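First the structure, in the form of structure tokens, and then the observations on it.
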Amino acid sequence: MVRVGVVGYGTIGERIADGVAKQQDMELVGVVDVAPALPVRALVESGRGYPVYCGLPDRIPDMEAAGVPVEGTLDDMLEQVDMVCDATPPGIGMKNKEIYERHGVKATFQGGEKDAISPILFSSTANYDLAKDVDYIKLVSCNTTGMVRAVVAVDEAFGVEKAVATIVRRAADPSEIHKGPIDAAIPGKVPSHQATDLMRVMPHLDAMGFIITVPTTHGHVITMHVTLKQEIATEHALDVFRQGRRIRTFRIEDGFLSNTHIFDYLRDLGVPRADMFEVGIWEETVLAQGRDLYWIHNIPQEAIVIPENIDAVRARMGMQVDKWDAIDTTDRYLGIYKG
Ligand SMILES: NC(=O)c1ccc[n+]([C@@H]2O[C@H](COP(=O)([O-])OP(=O)(O)OC[C@H]3O[C@@H](n4cnc5c(N)ncnc54)[C@H](O)[C@@H]3O)[C@@H](O)[C@H]2O)c1
């Protein structure tokens with residue numbers, strides 16, 4: 001059993017913790033936060049029973065006063081783990097890295113951290129092997145994670161020369177009431193960082209990206225245009241997407257008219273938090289014309305990076321040598337394996 005801790009029990013951290021807890025070859029040793037915020041309170045109230053540690057010792061009384069039983073400090077947890085997944089707000093991970101180094105604990109960091117935190121940018125479907133020898137691994141952002149999965153699937157099937165992405169970016173997570181816009185669409189500078197990150201993890205291809213931030217919370221929507229190395233028919237691409245790992249296809253015709261409809265459907269299914277780990281591709285948006293392939297996909301931003309965090313632990317801890325073995329193992333335990 002590889003022993004894993006999660007530092008930062010917010011939107012991403014609570015999901016990583018649940019994902020790790022489901023991996024039968026990993027032990028979730030505990031989670032760390034600095035305040036009795038709602039995810040921490042919900043953890044205690046739900047009875048899920050993950051041990052809670054406090055990242056700042058002087059905050060322990062606050063947590064205990066809110067009814068959160070605190071097992072110890074961050075240092076105490078680090079004495080018991082092989083690796084942590086750090087999901088603290090941007091910038092905190094860089095400070096935590098020094099603490100992890102002191103304890104000889106390896107770590108993953110999320111897309112909000114500066115690139116300088118790690119010698120690599122990781123997205124397992126593209127570059128699993130790179131994380132085998134690196135103690136501090138930065139993952140790509142949620143948008144890039146989904147883009148990488150879809151582009152890798154198409155690249156392995158047909159070969160990709162160039163990818164152009166236009167990201168319609170959700171302004172905020174549902175509870176981020178301080179963020180906007182509420183009545184605007186904001187263009188970003190080109191190329192978007194997601195396109196340059198895509199080229200870092202898939203250095204053999206050319207990429208370009210546009211980004212526009214809009215007032216929604218249920219996921220980023222990306223239009224993709226890739227130039228292939230060969231001509232294909234639309235049906236070939238649909239087959240690849242239907243079978244692709246961590247890709248889920250939806251049909252507009254079935255009622256999936258928007259990303260909110262996908263979210264509602266997951267709620268109706270009773271999926272915890274209505275989380276979707278896969279990138280969602282609308283089938284009617286897939287179109288091949290000669291060597292040009294187009295599609296539109298949805299990025300469920302709160303959940304999509306969870307499988308890749310778990311894969312990074314697998315890679316660094318030597319749990320699986322082969323990329324697809326690792327991905328399949330993670331996915332089996334998460335309940336999203338496509339055999
Ligand atoms: N929310 C998303 O949609 C999303 C998607 C992909 C990647 N990310 C990235 O994931 C990271 C975390 O984002 P988030 O949305 O989960 O943030 P969040 O604010 O929801 O959660 C962060 C948690 O870390 C805790 N924290 C703060 N300082 C700490 C410390 N010193 N020690 C331990 N815990 C501490 C906070 O109390 C909070 O509970 C960021 O880098 C972000 O860019 C976020």
Side-chain angles (χ1 to χ4, degrees), residues 1-7 12-13 15-29 81-87 100 105-111 117-157 197-198 200-204 240-248 275-279 299-300 303-339:
M1 294 286 263
V2 166
R3 300 165 308 164
V4 181
V6 172
V7 182
I12 299 297
R15 290 167 169 81
I16 297 177
D18 287 351
V20 168
K22 286 186 177 157
Q23 308 294 306
Q24 288 177 20
D25 48 3
M26 294 182 189
E27 177 193 350
L28 177 69
V29 172
V81 297
D82 302 303
M83 193 148 176
V84 297
C85 296
D86 185 298
Y100 305 150
V105 169
K106 304 162 186 54
T108 68
F109 296 97
Q110 311 309 310
I117 204 160
S118 169
I120 66 166
L121 195 54
F122 180 79
S123 199
S124 45
T125 55
N127 62 7
Y128 179 81
D129 290 347
L130 281 191
K132 289 177 178 171
D133 304 315
V134 173
D135 288 345
Y136 300 103
I137 301 163
K138 181 183 159 176
L139 279 93
V140 298
S141 70
C142 48
N143 271 310
T144 314
T145 300
M147 212 152 62
V148 169
R149 289 181 193 166
V151 173
V152 164
V154 172
D155 190 37
E156 293 196 352
D197 288 353
L198 180 65
R200 261 191 82 189
V201 296
M202 299 183 76
H204 60 286
V240 166
F241 289 144
R242 286 179 189 137
Q243 288 160 29
R245 311 290 215 296
R246 298 180 184 164
I247 297 172
R248 193 158 164 178
D275 276 347
M276 190 169 90
F277 298 119
E278 299 98 327
V279 55
I299 304 284
I304 196 165
V305 298
I306 308 314
E308 274 74 357
N309 269 273
I310 296 168
D311 296 341
V313 174
R314 295 189 175 285
R316 183 61 192 100
M317 297 310 299
M319 297 174 79
Q320 281 83 26
V321 175
D322 176 71
K323 159 174 104 171
W324 293 117
D325 271 357
I327 289 169
D328 286 349
T329 307
T330 301
D331 289 357
R332 269 197 196 92
Y333 293 135
L334 288 177
I336 57 167
Y337 173 64
K338 272 190 194 169

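What you see is a predicted model; the values in this text were computed from it and never measured.
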**Prompt:** Going through the distances and angles, do Gln320 and Asp311 end up as a side-chain hydrogen bond (donor to acceptor under 3.5 Å, both in side chains)?
**Reply:** CA-CA 9 Å; Gln320 281 83 26; Asp311 296 341; over 6 Å; no
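No salt bridge links Arg245 with Asp331; every basic N to acidic carboxylate O contact stays at or beyond 4.0 Å. For Asp275 and Arg15, the salt-bridge test passes: some basic side-chain N is under 4.0 Å from an acidic carboxylate O. In this structure, Asp322 does not pair ionically with Arg314, as no charged nitrogen and carboxylate oxygen lie closer than 4.0 Å. Contact check on Glu308 versus Arg149 returns a salt bridge, with a Lys/Arg side-chain nitrogen under 4.0 Å from an Asp/Glu carboxylate oxygen. Between Lys323 and Glu156, at least one side-chain nitrogen of the basic residue sits less than 4.0 Å from a carboxylate oxygen of the acidic one, meeting the salt-bridge criterion.
For the pair Ile137 and Ala131, the tightest heavy-atom approach, listed with the atom from each and the gap, is CD1-CB, 3.7 Å. For the pair Val29 and Arg3, the tightest heavy-atom approach, listed with the atom from each and the gap, is CG2-CB, 3.7 Å. Considering every non-hydrogen atom in both Arg246 and Ser124, the closest pair reads NH1-OG, 3.7 Å.
Shown here are the ring pair (Phe, Tyr, Trp, His ring centres under 6.0 Å) partners of Phe241, two or more places apart in sequence or in another chain: Trp295.
Residues Met317 and Met83 form a side-chain contact, since some pair of their non-hydrogen atoms from C-beta on lies under 4.5 Å apart. Contact check for Ile306 versus Ile12: side-chain heavy atoms found under the 4.5 Å cut-off. Side-chain atoms of Lys132 and Val321, non-hydrogen and from C-beta on, do get closer than 4.5 Å to each other. In this structure, Tyr337 and Thr329 have side chains that are not in contact, with every pair of non-hydrogen atoms separated by 4.5 Å or more. Counting heavy atoms from C-beta outward, Val279 and Ile304 have side chains that approach closer than 4.5 Å.
Ring geometry, Tyr136 versus Tyr100: the interplanar angle falls under 30°, so the pair is classed parallel (tilted spans 30 to 60°).
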